[in-house]
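Report on the following structure.
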Amino acid sequence: MFGIHIAEEDLERIFTPFYRVDKSRNRNSGGSGLGLYITKTILDHHGIQHSMVNTENGVKFTAFLW
């Protein structure tokens, strides 16, 4: 079984405020595009390294807690 992937050009912008991969979604059917931006801001504030990559099974998000 294969998961859903995000285009590489979208992966590079996924943490940008108000950015949404699905351009057809409007405010009534989706979020504001702030969730991942807020997540990244919190991780950066605490010095936590993170990455997001496409894998065979979908998108993998990793946060490195040392």
> Would you say L34 and L36 are hydrophobically clustered, going by side-chain heavy atoms of ILVMFWY under 4.5 Å?
Replying inline: no
>> Count I, L, V, M, F, W, Y as connected when their side-chain heavy atoms are under 4.5 Å apart, and connections chain through other members. Are F61 and I6 then in the same cluster?
In response: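 They do share one cluster, since a chain of ILVMFWY contacts under 4.5 Å joins F61 to I6.
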>> Strictly by salt bridge (charged side-chain N to carboxylate O under 4.0 Å, His left out), give each pair with a member in residues 57-66 just once, sequence neighbours left out.
In response: none
> Taking only residues two or more places apart in sequence, or in another chain, which ones meet E8 in a side chain to side chain contact (heavy atoms under 4.5 Å, CB included)?
Replying inline: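 In terms of side chain to side chain contact (heavy atoms under 4.5 Å, CB included), with neighbours along the sequence ignored, E8 is linked to L11, N54.
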>> To the nearest 0.5 Å, what is the distance between CD1 on I4 and CG on N57?
In response: 12.5 Å
> So how far is it from M52 CE to T62 OG1, rounded to the nearest 0.5 Å?
Replying inline: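 One gets 9.5 Å once the value is rounded to the nearest 0.5 Å.
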>> Which residues end up grouped with F64 if you chain together Ile, Leu, Val, Met, Phe, Trp and Tyr wherever their side-chain heavy atoms are less than 4.5 Å apart?
In response: W66
Atom pairs and distances, side-chain donor-acceptor, residues 41-51, under 3.5 Å, sequence neighbours left out:
unit_1	atom_1	unit_2	atom_2	d
T41	OG1	Y37	O	2.8
D44	OD2	K40	NZ	2.5
H50	ND1	I48	O	3.2

